[in-house]
Participant: 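Provided herewith is a single structure, encoded as structure tokens, for subsequent inquiry.
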Amino acid sequence: AARMFLRLLSDVQWRAAHPKWRRMTSSQRSTSTTPEPHPVALPAQAQVVICGGGIMGTSVAYHLSKMGWKDIVLLEQGRLAAGTTRFCAGIVSTARPVSIELKMAHYSNKLYQQLEQETGVQTGYMKTGSISLAQTQDRLISLKRVASSLNVMGIPCEIISPKKVVQLHPLINIHDLVGAMYVPEDALVSSANVSLALATAASRNGVQIHERTSVSHVTVQNGRVTGVETDRGRIQCEYFVNCAGQWAYELGHSGEEPVHIPLHACEHFYLLTHPLKEPLSSSLPTVVDPDGRIYIRNWQGGILSGGFEKNPKPLFTEGRNQLEIQNLQEDWDHFGPLLSALLRRMPGLETLQIMQLVNCPESFTPDMRCIMGESPTARGYFVLAGMNSAGISYGGGAGKYLAEWMVNGYPSENVWPLDLKRFGTLQSSRTFLRHRVMEVMPLMCDLKVPRWDFQTGRQLRTSPLYDRLDAQGARWMEKHGFERVKYFVPPGKDLLDLDHSKTFYKPDWFDIVGSEVKCCKEAVCVIDMSSFTKFEISSTGDQALESLQYLFSNDLDVPVGHVVHTGMLNEKGGYENDCSIARLSKRSFFMISPTDQQVHCWAWLKKRLPDDSNLIMEDVTWKYTALNLIGPRAVDVLSELSYAPMTAEHFPSLFCKEMSVGYANGIRVMSITHTGEPGFVLYIPIEYALHVYNEVMNMGQKYGIRNAGYYALRSLRIEKFFAFWGQDLDAFTTPMECGREFQVKLEKGMQFLGQEALLEQKQNGVYKRFTMFILEDHDTDMDLWPWWGEPIFRNGRYVGKTTSSAYSYTLERHVCLGFVHHFDEKTGEELVVTTDFINQGEYEIDIAGQRFQAKAKLYPFSSLFTQRRRKDEVELSGYQRE
Amino acid sequence: FYLTPPQVNSILKANEYSFKVPEFDGKNISSVLGFDSNQLPANAPIEDRRSAATCLQTRGMLLGVFDGHAGCACAQAVSERLFYYIAVSLLPHETLLEIENAVESGRALLPILQWHKHPNDYFSKEASKLYFNSLRTYWQELIDLNSGETTDVREALINAFKRLDNDISLEAQVGDPNSFLNYLVLRVAFSGATACVAHVDGVDLHIANTGDSRAMLGVQEEDGSWSAVNLSYDHNAQNEHEVARVKMEHPKSEEKSLVKQDRLLGLLMPFRAFGDVKFKWSIELQKRVIESGPDQLNDNEYTKFIPPNYHTPPYLTAEPEVIHHKLRPQDKFLVLATDGLWETMHRQDVARIVGEYLTGVHHQQPIAVGGYKVTLGQMHGLLTERRARISSVFEDQNAATHLIRHAVGNNEFGTVDHERLSKMLSLPEELARMYRDDITIIVVQFNSHVIGAY
């Protein structure tokens with residue numbers, strides 16, 4: 001009954017606003033479930049059809065119509081804002097660790113604030129502020145990191161003492177607190193009403209809204225959306241936007257060409273109470289107690305409190321209509337631990353009377369980040385879903401970015417961390433999703449320390465050497481479903497206690513990785529890098545070369561057997577991908593990209609390669625095992641195994657040759673290592689993998705060979721100032737901005753994608769510059785370690801953020817990589833960043849509120865590392881990724 | 001002095017035993033899935049006994065608990081011998097002949113029972129020959145009596161009980177040249193034991209009960225909740241029918257002295273029992289046997305003591321009351337337990353605790369606030385209590401152990417209180433009997449699929 005009450009509450013409010021679109025559907029609206037006639041027929045066609053009338057669908061409609069698209073139809077299977085949006089707790093919080101999420105929340109807050117004025121619909125917006133509590137020092141560190149990011153964004157935020165907490169919220173028990181973060185501008189809204197306000201505004205801008213209309217499937221022809229089939233007929237359209245919330249997965253799978261949207265619902269509970277004797281003020285700050293796994297907001301003089309339990313209850317695994325949302329049961333036993341946490345935090349509430357326990361399912365994604373973007377397989381099929389219970393915080397910003405994406409072809413910010421194409425079919429298994437979201441939901445509250453890994457859904461993709469490496473002490477992490485070695489625990493050394501690795505300080509693998517790095521520098525190491533994405537592109541004539549020359553910035557018309565490092569740039573010159581391409585023959589190329597590029601790069605190329613049956617692109621990732629032999633003795637190992645001279649004269653840097661290794665023939669050997677160290681990568685047909693690995697390890701013994709992992713690789717590449725796509729490089733970074741001009745052939749005799757933008761940058765200068773920082777007064781043993789996302793200060797002023805960091809065992813210092821901007825001191829306008837600007841500053845890096853002096857460098861310490869190598873080789877290898 | 005949870009567990013689990021009916025061809029075709037049993041002593045040594053065996057020459061499984069008094073000798077003898085008497089009573093004529101011929105010609109005997117014993121459940125080696133001879137006499141009589149009719153389980157049970165008690169009595173009267181055995185048979189006869197035995201064969205469940213142990217069926221209702229059905233009647237002063245029976249069997253003049261302070265002749269709690277010849281033999285017989293018996297017997301004040309108002313023996317019988325029940329799919333388990341359990345727990349709680357344990361589902365009505373006025377504090381208290389109830393389940397791998405944990409450790413809310421459990425288990429021997437009795441429990445789990453298919 002109280003649930004009905006909630007519904008009525010918001011209905012009354014939006015009815016008062018008399019939205020124009022209401023007249024288009026039935027005039028007799030009631031809460032009964034009897035079907036009503038649809039007086040307004042669906043249009044036969046529209047430019048855009050949006051499925052889902054929750055906060056996401058209405059936000060997309062709102063923003064699209066604001067940007068000038070008018071021919072939009074929004075379809076809702078039930079009633080507007082009646083799904084998760086209806087039951088959501090309505091907390092708008094900007095305290096988000098991921099920068100793009102923070103930006104979305106910040107924008108949402110600003111949008112909602114003025115929405116009532118804009119639309120006349122009451123949104124219940126109330127700026128209450130929020131207090132995030134820390135029960136432990138580690139939690140306080142993580143809050144301080146968030147506070148640093150908020151501050152440089154210009155969002156007021158402070159770390160406060162427990163005493164100050166009581167002043168802000170008298171009910172809080174502070175005896176177990178070490179501190180808290182206060183964000184005064186965080187807000188509360190009625191989420192259903194925000195959604196209705198957005199719908200009202202969109203409707204005024206011409207968007208047609210049809211309730212009680214469900215989409216059965218989307219039709220796709222020749223890789224393009226052509227229309228949607230609904231229970232009320234077909235609508236032809238160019239664009240389809242799947243904002244179906246927890247049904248997005250199923251809707252994605254309903255068409256002939258499935259669109260994989262990996263999300264899964266979990267039950268989510270929150271408690272509503274009657275008002276206190278002295279009703280709580282509606283301006284009382286929202287309290288988030290992550291160590292207690294709960295949040296508490298004021299609600300009609302009482303409280304609304306929910307949380308993210310350790311043992312979530314996934315649901316709808318078998319699909320929809322197993323259970324109607326409205327019929328979900330309260331489960332007090334399940335809520336018990338959260339209730340304990342609530343009473344521990346606010347003991348004064350013991351006598352407060354319960355109104356209801358609301359069960360409101362939320363959808364979660366495999367990596368705790370939302371899903372937006374265009375399907376890699378169906379053009380015009382856009383998705384915005386999987387909000388991980390932060391839908392109201394992200395709604396405004398996410399809708400804006402998606403609208404920009406549809407209208408302009410790309411959003412105004414780097415949304416790669418949220419891009420649908422970071423996932424593929426492999427994350428779409430129901431079992432995987434069910435298991436993973438059971439880990440993700442508790443993670444909402446768990447402390448996230450550097451280098452944490454998911455524990456569920458593991459060992460899906462593995463190298464054929466997996467067991468062999470595991471037996472030798474490998475510790476694993478996962479990327480795009482692929483198991484990769486972090487480092488090897490030496491025999492005899494005690495198994496590392498996982499808890500000790502979970503620290504913001506020096507981790508316990510420090511010496512282990514140090515010795516792997518040393519071995520790479522002095523002898524030879526083997527790293528299994530099989531996870532990298534590998535494509536082969538070939539043609540009968542010159543089609544392959546011609547197409548690739550247009551799509552890649554470097555000159556690929558090199559002699560057969562050469563390897564080229566090159567960016568795959570967009571129109572603005574930004575990196576869509578960063579890869580190495582080997583010319584196998586006149587007409588065929590072998591392309592190596594980062595692991596998580598498998599879907600994105602494929603879609604990017606498919607979309608742009610000419611539709612020519614004589615031009616063939618094949619994903620051969622699964623066909624090859626890649627062994628990276630790093631170190632000065634790699635030459636000796638390989639030449640002994642192949643009876644072929646491998647010295648620089650015979651096998652120069654950036655060279656590719658098929659040869660025999662041991663008994664195995666046809667091994668593709670490339671003289672690159674992704675680290676700047678000398679060595680080779682062997683691309684081995686998988687059936688030979690074990691043989692070649694055994695041969696290499698046996699032969700390598702006398703040269704001191706050992707296994708190494710990605711942590712060693714990472715330390716090596718960062719001290720060499722090598723940028724990594726997805727971490728340092730993104731679609732908003734050009735080669736000019738990261739010192740990679742040498743990887744661009746502006747005059748290769750033909751046009752290429754991004755060329756104009758680069759030429760312009762070359763002329764006008766760049767507005768940010770990739771810079772390497774060496775921490776000066778940082779004590780590796782005692783101080784907090786940098787991670788990424790730390791603010792960079794130049795002469796005391798914020799100029800940018802770090803994108804990655806690692807300890808350099810050679811320099812015995814921490815190295816951070818990041819971008820330096822030049823903001824005008826008065827206007828904040830972005831100015832050109834010159835070499836002098838970089839070189840003439842005093843720099844500090846802010847790690848969780850503590851600033852460390854740093855030396856900025858635009859070029860790596862070439863002399864320090866490369867006694868044995870010529871300078872031009874160093875520059876040529878100025879490429880990396882992980 | 002305080003026992004840690006592992007110490008508590010090691011005490012509780014010392015006597016636990018589990019048996020799973022082996023699967024045949026990947027399927028268990030028996031109506032019994034298996035059973036869990038356990039004992040917790042209060043007396044030193046414990047006076048309770050338990051037995052479980054599969055009948056090999058007929059179908060069916062036998063399970064029983066035996067509560068001894070005035071020592072454990074009688075309970076021990078009954079636990080070793082009764083199932084053989086029952087099995088023999090059930091055997092068809094041909095099988096009896098076959099067995100007799102085998103014994104006669106010194107051939108290997110057909111095995112009659114497969115025992116399921118805890119290592120602590122011992123059989124007397126010294127008396128086995130004596131016991132065997134008595135049993136052989138019984139089956140020889142059965143062969144001679146050959147009625148040609150199929151054996152009725154109810155009758156077989158009653159006959160076996162009575163025959164064994166008779167043999168116990170006779171053996172004591174006749175005595176044995178071996179002085180050890182002579183003393184043993186007298187101790188068996190002068191001590192007593194109740195017996196509660198289940199015979200399960202397909203859907204036919206027979207309970208034969210003598211005394212105040214109890215058999216209870218755990219039934220799962222359609223809504224998933226648990227209820228208890230009694231399958232035995234206690235033979236004690238609380239049972240009107242039993243009191244009436246005793247009064248019927250003796251002259252009106254004894255009416256007042258028969259049951260005093262809820263005890264038979266003011267002395268004995270159970271109204272039916274094995275042994276206890278002091279309540280069965282004439283005074284003359286008792287005196288003669290004691291005088292000719294060994295000195296230890298003569299020195300024993302209890303055995304020499306003749307019950308007051310002892311006019312028309314026998315006052316006591318071992319004849320069981322037999323209840324037959326056709327198993328239904330909703331009958332999930334059977335609990336056989338000595339009165340040590342039933343003194344502390346209501347059968348309804350027993351049904352719920354075992355039911356939830358066996359199904360692993362804690363069917364607690366979900367809490368719904370509805371229109372009630374409930375505060376956060378009240379709800380919190382309620383949830384904490386419910387959690388405690390559930391968490392106690394996971395410590396035990398044996399349903400009988402789990403029941404004992406509750407029987408001994410339950411607080412006023414019906415949840416296991418570790419402190420209480422620790423105190424009860426660390427009582428010194430001499431005090432333990434004042435706070436609790438020996439507890440013996442067998443929990444038999446039924447195979448609903450098989451039962452449903454009948």
Side-chain angles (χ1 to χ4, degrees), chain A residues 1-6 171 173 267 269-277 280 287 292 294 296 298-299 301-307 309-311 313 323 327-359, chain B residues 5 220-226 348-349 351-396 402 405-406 409-419:
Chain A
R3 193 169 286 163
M4 191 65 84
F5 167 68
L6 276 181
L171 287 173
N173 168 18
E267 294 182 42
F269 295 91
Y270 64 78
L271 171 77
L272 296 174
T273 72
H274 289 278
L276 273 72
K277 271 203 185 110
L280 286 184
V287 176
I294 51 167
I296 308 153
N298 76 72
W299 186 76
I303 60 150
L304 181 163
S305 173
E309 61 274 22
K310 276 187 191 158
N311 52 335
K313 295 165 77 177
L323 205 56
N327 296 337
L328 289 176
Q329 298 292 317
E330 57 193 317
D331 185 344
W332 279 100
D333 291 303
H334 192 70
F335 192 71
L338 299 179
L339 179 58
S340 298
L342 170 64
L343 290 176
R344 176 173 155 184
R345 186 53 55 219
M346 297 188 181
L349 299 185
E350 284 247 351
T351 53
L352 189 55
Q353 203 183 314
I354 294 164
M355 176 179 277
Q356 194 195 355
L357 185 64
V358 180
N359 183 349
Chain B
Q220 187 163 32
E221 303 295 342
E222 273 177 22
D223 66 356
S225 65
W226 295 93
Q348 191 53 47
D349 292 329
R352 182 181 55 77
I353 288 167
V354 175
E356 288 177 356
Y357 174 84
L358 290 178
T359 51
V361 177
H362 310 289
H363 188 85
Q364 301 186 328
Q365 260 337 90
I367 302 179
V369 175
Y372 298 106
K373 288 187 177 177
V374 185
T375 68
L376 293 178
Q378 289 166 338
M379 179 60 82
H380 186 235
L382 183 60
L383 294 176
T384 310
E385 187 213 303
R386 284 159 71 93
R387 259 204 309 285
R389 204 180 293 167
I390 287 169
S391 68
S392 72
V393 169
F394 298 107
E395 285 177 85
D396 298 317
H402 187 61
R405 187 186 297 277
H406 275 274
N410 264 7
N411 59 18
E412 55 271 38
F413 303 113
T415 57
V416 173
D417 175 348
H418 177 75
E419 204 176 322

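Proteins get letters first, then strands, A, B, ... in listed order; numbering begins at 1 in each. Here the structure is a predicted model, which is why all the values come from computation and not from measurement.
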Participant: Write down the atom of B:Lys373, the atom of B:Gln378, and the distance for their closest heavy-atom approach.
Facilitator: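 Looking at all heavy atoms of both residues, the shortest contact is O-OE1, 3.9 Å.
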
Participant: Picking from A:Gln329, A:His334, A:Glu330, what satisfies side chain to side chain donor-acceptor pair (under 3.5 Å) with A:Trp332?
Facilitator: A:Glu330

Participant: Taking all heavy atoms of A:Leu352 and all of A:His274, pick out the closest pair and write down the distance.
Facilitator: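 Taking A:Leu352 first and A:His274 second, the nearest heavy atoms are CD1-O, 3.3 Å.
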
Participant: Strictly less than 4.5 Å between heavy atoms, which residues of residues 340-347 of chain A line up against chain B? Please order them by number.
Facilitator: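 Listed by number: A:Ser340, A:Leu342, A:Leu343.
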
Participant: Quick check: does any side chain N or O of A:Gln356 sit under 3.5 Å from a backbone N or O of A:Tyr270, one acting as donor and the other as acceptor?
Facilitator: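 Not confirmed, A:Gln356 side chain does not pair with A:Tyr270 backbone.
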
Participant: Minimum heavy-atom separation for A:Ile303 to A:Ser305, with atom names?
Facilitator: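 Taking every non-hydrogen atom into account, CD1-CB, 4.0 Å.
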
Participant: What are the two closest non-hydrogen atoms of B:Trp226 and B:Glu356, and how far apart are they?
Facilitator: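 That closest heavy-atom pairing would be NE1-N, 3.8 Å.
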
